Protein chains: 2
Amino acid sequence: MPVLIDIARLATCPPDGGPDDIGEVEDAALVWRDGVIEWVGRRLDLPTRYADEPRQSAEGALVLPGLVDCHTHLCFAGDRADEFTERLRGTPYLEVAKRGGGILKTVRHTRAAREDELLALAQERLDRMIRRGVTTAEVKSGYGLSPEAELKQLRVYRQLAAETGVRLIPTVLAAHAVPPEFAGDRAAYLGVVCGEILPAVAREGLARFSDAFVESGAFTPDEARRVFEVSRQLGLTPKLHADQLSDTGGGALAADVGAISADHLEFVSERSIRAMAAAGTVAVSLPLATLVLDTPPLPAQALREAGVPVAVATDFNPGSAPVCDLPLAMWAACVRQRMTPAQVLRGATTVAARALGIQDEVGSLLPGYAADWIGVDRRSAEAWMYDFAPDAVTQTVVAGDAR
Amino acid sequence: MPVLIDIARLATCPPDGGPDDIGEVEDAALVWRDGVIEWVGRRLDLPTRYADEPRQSAEGALVLPGLVDCHTHLCFAGDRADEFTERLRGTPYLEVAKRGGGILKTVRHTRAAREDELLALAQERLDRMIRRGVTTAEVKSGYGLSPEAELKQLRVYRQLAAETGVRLIPTVLAAHAVPPEFAGDRAAYLGVVCGEILPAVAREGLARFSDAFVESGAFTPDEARRVFEVSRQLGLTPKLHADQLSDTGGGALAADVGAISADHLEFVSERSIRAMAAAGTVAVSLPLATLVLDTPPLPAQALREAGVPVAVATDFNPGSAPVCDLPLAMWAACVRQRMTPAQVLRGATTVAARALGIQDEVGSLLPGYAADWIGVDRRSAEAWMYDFAPDAVTQTVVAGDAR
């Protein structure tokens, strides 16, 4: 039986719209069946076949597509609250890392945690994300950095998706950092990544994407190319942490290896922007990380003018973006990246879905899409971002089920 | 009968502490009677006279002083959501104002609104602030700009305080902008401010402070001096909107006229900082406005090193800071102003109280202070700011009464 809901105002966020096209419909109706949208439009145009169906009402709310958080590091153990304060005091990251902080601190805790402990931690964070309107999330490994521990993280995601019904898109990020047991022998670790971790992940079907962190202190563009070559052969599509702290040509590298997205891009060059535009690479902006790290925002206007779609995600992780709040990232994208409310709404729905290759399944409220939607207690997307309030999202619905 | 509460961890935020001294006490107890704190300290040290009193428990929560929002423009009608988007697109403020936007748009709506309408609007906003942990707020006029409409705003605050029991500290800000009926004759409007508005406000006891907006496009330092001279004679202590968009010597002016605080200070000079330090002027930082307007943060480190206490407030207003969320402003002060969680907690409690001259009454959890406190579902102030979550504040208590 179809579910039919009357809605004061709705935004469809069509996948092929322009940067500000959120497809607003007033006095709307939305119909779904078995978790999939059948019809959406103005109530006046509702087909007569639905005329006798019972109707629910979301008259007071604005209805938007469920939010898509297309860049998170959801599964980890331990926290780094002390480091947050140290860095606010001006201590450089390298010094924090030398004292045993940074990514490798999280690796130690994550390796030491049992799978059920990691599952409970990730579950609690996912619950927070759902309350803030997220219905789909990309989820990375990268705090294991060994075959066993990387697979452990990815299995947590598989179980979490099965238990919650939330769409989780897993990405293997074994090339996140060189683990301590390989310090001084990066080549040997890359051998493990390419020869053991990636093949095992592919064999178990534990990831859709393969990511690498290209930065001085992490991996070089050539090392990433090697990782992506192997990934491609295994059927894992590249994604890239690119140009976050310096211009390493990361945007162009992403375009060149056919990455579906290049993420961060605070220091992306004009040349890389042109390459991304030509290749159709999505730019994933991570404004909470730029706030925490006190780095400049990515050049959203230049990317938009070049025709590169700009997604907005949280980068949720225990170091540079410990806040798992996608609406806050959207607000930060408005004020820091000078994107309009419509642009950030597209950026956290259909464009984010594009960064995951699922823009035909989620991120828009159109027939054939998942019935993933949120109710927002505001008159428009503009009004939501304008007086940004944490309790504005009043309802999160995944595949037709209220959460 | 005293109320006694057991608490896992508490921060007293002593008024005379250093910038990072929040006076943390573990395994604590707090005792109050008739809305006033009688005793606070380690549970082990609880005086025997309380031994037989019934105890409540806040074992799970961190208890902090109720937050003090020391700079808000709470009472206004209408919104400016359209302008938020226009400015994100790069339209300069002056152009927005020419088309009928800006402060004067809010003045039109506020003048047109009845007192009961304004009261309902302000009440709803104050409820949101209370849910986010605010127990004391400074509240400005400045959207009336006529004797009648300025007094209308200030009467709304008086009624709101009476109805809610929340401590509202009113400030008259008649020198916010030149109203349209005086366009081209600033001197005549200042004559009304000094000859009619301020005396009427003082006569009715409707404000404790007198504020002025010194900036090109608003009022000159000399005009502000005149306003403050009259204010002083009427018993209204100066506060100042200073150096927000350019260095007008606002910090030094605030020090010179004996203002209790200078607010904004994004472009404050070294000279002004020295003058403020010498005069004991509090610096009120407004990080949400700098985010919305894309202006640099105030130089918190230079102020701190000079010995100027730095408060944190929302600047809640319908234009440059439409978000009435003091914890979000605190988080923004961490990441944008590179202040530590302890510094922003002091900044939104005892230092904010100092900016209102009530640091001996609120902002600290010490004997003799108001029993205004909040429960936060985190292990420490550091942990609260670290993984900043909108639902971390679980309880707001004003004068011993849960809200």
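None of these values were measured; they are calculated from a predicted model.
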Original post:
Got a sec: does the CD of B:Gln301 have more than 12 other heavy atoms crowding it under 6.0 Å?
Top reply: no

Original post:
So, B:His109 versus B:Asp79: side-chain donor-acceptor pair below 3.5 Å or not?
Top reply: no

**OP:** Please report the closest heavy-atom contact between B:Glu24 and B:Arg9, naming both atoms and the distance.
**Re:** OE2-NH1, 2.8 Å

Subject >> Centroid-centroid distance, A:Phe76 to A:Phe316, less than 6.0 Å >> reply: yes

Original post:
Are there residues of residues 327-336 of chain A that reach to under 4.5 Å of chain B by heavy atoms, and which ones?
Top reply: A:Leu328, A:Trp331, A:Cys334, A:Val335, A:Arg336

Original post:
Less than 4.0 Å between a side-chain N and a carboxylate O, is that true for B:Arg403 and B:Asp127?
Top reply: no

**OP:** Side chain from CB out, backbone as N, CA, C, O: work out which of these in B:Arg80 comes under 4.5 Å of a heavy atom of chain A, or both, or neither.
**Re:** both

Original post:
Under a 4.5 Å heavy-atom cut-off, does chain B meet the side chain of A:Met339, its backbone, both or neither?
Top reply: backbone

Original post:
Side chain, backbone, both or neither: which part of A:Arg125 has an atom under 4.5 Å from a heavy atom of chain B?
Top reply: neither

**OP:** Indicate yes or no for a side-chain donor-acceptor contact from B:Gln153 to the backbone of B:Cys75 under 3.5 Å, with no hydrogens or angles considered.
**Re:** yes

**OP:** Quick one: which of A:Asp325, A:Asp82, A:Asp391 has the most heavy-atom pairs under 4.5 Å with chain B, could you say?
**Re:** A:Asp82

Subject >> Closest-packed option against chain A by number of heavy-atom pairs under 4.5 Å, given B:Leu293, B:Leu291, B:Leu88, B:Val323 >> reply: B:Leu88

**OP:** Kindly write out the residues that satisfy side-chain hydrogen bond (donor to acceptor under 3.5 Å, both in side chains) with B:Gln337, not counting sequence neighbours, or none if the list is empty.
**Re:** B:Ser285

Subject >> chain B contacts, top residue of A:Ser380, A:Ala321, A:Pro341 (heavy-atom pairs, under 4.5 Å) >> reply: A:Pro341

Subject >> Which of A:Ala383, A:Pro390, A:Ala342, A:Gly90 touches chain B most, by non-hydrogen pairs under 4.5 Å >> reply: A:Pro390

**OP:** Could you tell me whether A:Arg89 and B:Asp20 have a side-chain N and a carboxylate O separated by less than 4.0 Å?
**Re:** yes

Original post:
Is there a donor-acceptor contact under 3.5 Å from the side chain of B:Thr91 to the main chain of B:Glu86?
Top reply: yes

**OP:** For the pair B:Thr349 (side chain) and B:Leu345 (backbone), establish whether a donor and an acceptor sit closer than 3.5 Å, ignoring hydrogens and angles.
**Re:** yes

Subject >> Lys/Arg N to Asp/Glu carboxylate O, A:Glu83 vs A:Lys105, below 4.0 Å >> reply: no

**OP:** Identify whether the distance between the nearest side-chain nitrogen and carboxylate oxygen of B:Asp387 and A:Arg128 falls below 4.0 Å.
**Re:** yes

Subject >> Residue pairs passing the side chain to side chain donor-acceptor pair (under 3.5 Å) test where at least one lies in residues 286-300 of chain B, sequence neighbours excluded >> reply: none

Subject >> Interface residues of residues 302-310 of chain A facing chain B - non-hydrogen atoms under 4.5 Å apart >> reply: none

